[in-house]
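Worksheet: one structure, shown below.
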Protein chains: 2
Amino acid sequence: MQNSKTKDYFNPGVTVDVAIFTIEDGSLKILLIKRANEPFKNKLALPGGFIHEDETAHDTALRVLADKAGVAGVYIEQLYTFDAPNRDPRGQIMSVTYFALVPREKINIEEGRQTEQPKFIDVEKIAALSFDHSEILAYARKRLQDKIQYTNVIYSLLPKLFTLSQLQSTYEIILDKKIDKRNFRKKFLQLGLLEATEKKFSEGRQRPAVLYRFKKTGFAELKKFF
Amino acid sequence: MQNSKTKDYFNPGVTVDVAIFTIEDGSLKILLIKRANEPFKNKLALPGGFIHEDETAHDTALRVLADKAGVAGVYIEQLYTFDAPNRDPRGQIMSVTYFALVPREKINIEEGRQTEQPKFIDVEKIAALSFDHSEILAYARKRLQDKIQYTNVIYSLLPKLFTLSQLQSTYEIILDKKIDKRNFRKKFLQLGLLEATEKKFSEGRQRPAVLYRFKKTGFAELKKFF
DNA sequence: CCAAAAGTGTTGACTGTACACCCATGT
DNA sequence: ACATGGGTGTACAGTCAACACTTTTGG
């Protein structure tokens, strides 16, 4: 590209880091890698990478999603750009961060293959991360909590068909609080986003649950939720 | 700085652009400059500049605020990072954007002095801007509308003392809708953010209005507003 | 005394919240 | 038959929205 004119200026390094969330085993988990190189060698970090030439930050985030989680076509959103002075010991490197929501069964991690083997870790059990990634994670969790309360993004964490209990549980896990079952169902069904299917789901010796699906996929902003 | 390791990578240019809002003459206005150089010479644009070495984007935004609007210590917040492929004809240059809220009387623009003389323009009367700045402006307005509804940032657009009518008018201008006077006063006073002063404000032949002030300055997140 | 903005309450609709029992199934 | 999660309704409290007149001042 013809950025001869920009050579007069100082260009910081620019990376993209992605907070990839999923729900698994009743917990909110995030994809982390163990760094293969310095700095922070062998420490946990968010997956990410430098922006390439002729690539947008969004493209970079999609590349990270494909490389580290083996998924495409999931919900993704830019979070914030972090550039605290000493966030990276290599120098002045800013990070444009994204967060992505993925239903667990879409993830395709090839076990043990990669050098920086990605793993889903329960967000409640994460001690310290490399760089300022703990701060990024905290920011991402807050955004996730806010966003499920005034949009329909929750759909991007669920399989195509799901029970109302699964849906409620997903909210409870993310918001980290109990929700009343009757009120939840009333409210959510009133939003008109869901349609019941003929199918039922049963597991163990309980009454089978009706499976629902979202009428429309795709993002929508709503009045309010909880 | 020792960013020898990052030399292996492509570093895009990084600018900071700032949407500086104020209320003047019953309108929401934004500070714009007329560009002195190509690209977009003589076109209107948001004030901004390249990030300097050892400077954070936030620092850059403060520098822009000081240089173009002559203010410091005002409300400022990072908005979003824009990096669409052809947003800048000079090449791959991303913009980390900020928005700032300033009471009109704090602004110190020295008329006619600067090469790119900044002016406040009514946001409703802006046709086209340079680069993708129209998109940035739209994004900033949306953020402003949202933010005054669940935080107390409105304080940063008002003088220290103000009447409830001024406060209400500020909301009406930004949200672009009429609000019922009685409901507004009831609700806002109930929030407990304001205290009445002994002073009154009168202008013309009306009943003088009580002047209020915010009990605490500084940002606060609230339950809800409107 | 007139014009203009300041200031003030009530009602009905709606929304949120608390709360407990029966249902359908698998074992 | 029983254990397990699925599924349902009502009542009270709080919040929101609509609405009109009196007050205080300057001219």
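Fair warning: this is a prediction, and the values are worked out from it, not measured in the lab. Order of the sequence lines sets the chain letters (A, B, ...), proteins ahead of strands, with each chain counted from 1.
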TODO: Please state how far atom CG in B:Leu191 lies from atom C1' in D:dT15, giving the value in whole angstrom units.
DONE: 13 Å
Task: Base of C:dG16 paired with side chain of A:Lys187 (donor-acceptor, under 3.5 Å) - done: no
Open item on the list: Distance check needed: D:dA11 P versus A:Asp180 CG, whole Å only.
Closed with: 16 Å
Open item on the list: Looking at A:Ser165, I'd like to know whether one of its side-chain N or O atoms comes within less than 4.0 Å of OP1 or OP2 on D:dG6.
Closed with: yes
Open item on the list: Taking atom types as they are modelled, would you say the side chain of A:Lys186 forms a donor-acceptor pair with the base of D:dT10 within the 3.5 Å cutoff?
Closed with: yes
Open item on the list: Please confirm whether the shortest side-chain N or O distance from B:Arg185 to OP1 or OP2 of C:dG7 is below 4.0 Å.
Closed with: yes
Task: Sequence neighbours excluded - salt bridge (Lys or Arg N to Asp or Glu O under 4.0 Å) pairs with any residue from residues 161-175 of chain B - done: B:Glu172-B:Lys178
For nucleotides 25-27 of chain D, print each protein N/O atom paired with a nucleotide N/O atom at under 3.5 Å, atom names and distance only.
unit_1, atom_1, unit_2, atom_2, d
D:dT25, O2, B:Arg205, O, 3.1

Open item on the list: What is the distance, to the nearest angstrom, from the CD atom on A:Gln190 to the P atom on D:dG9?
Closed with: 13 Å
Open item on the list: Regarding A:Thr163, tell me which of base, sugar-phosphate or nothing describes its non-hydrogen contacts under 4.0 Å with the strands shown.
Closed with: nothing
Task: Between C1' of C:dT8 and CG of B:Asn183, the distance in whole Å - done: 12 Å
TODO: Take atom CZ of B:Arg182 and atom C1' of C:dT11, then tell me their distance rounded to the nearest Å.
DONE: 12 Å
- [ ] Can you sort out the partners of A:Lys142 under side-chain contact (heavy atoms from CB on, under 4.5 Å), two or more places apart, ordered by chain and number?
- [x] A:Asp146, B:Glu221
Task: Aromatic ring pairing B:Phe188/B:Phe214, orientation class (parallel under 30°, perpendicular over 60°, tilted between) - done: perpendicular
Task: Interatomic distance, B:Leu164 CG vs C:dT8 P [rounded to whole Å] - done: 9 Å
- [ ] Would you mind reading off the distance between B:Phe162 atom CZ and C:dA6 atom C1', rounded to a whole angstrom?
- [x] 16 Å
Task: All side-chain contact (heavy atoms from CB on, under 4.5 Å) counterparts of B:Val64, not counting sequence neighbours - done: B:Val18, B:Pro47, B:Lys68
- [ ] For residues 150-171 of chain B, pull every pair meeting salt bridge (Lys or Arg N to Asp or Glu O under 4.0 Å), keeping only residues two or more places apart or in separate chains.
- [x] none
Open item on the list: By nearest atom, which of the nucleotides D:dG7, C:dT8, C:dC19 is closest to the B:Lys181 side chain?
Closed with: C:dT8
Task: Whole-Å gap separating P (C:dA5) and CG (B:Leu167) - done: 18 Å
Task: Which residues share a side-chain contact (heavy atoms from CB on, under 4.5 Å) with A:Arg205, sequence neighbours left out - done: none
TODO: Have a look at B:Tyr80 and tell me which of B:Tyr98, B:Phe99, B:Tyr139 forms a ring-ring contact (aromatic ring centres under 6.0 Å, His included) with it.
DONE: B:Tyr139
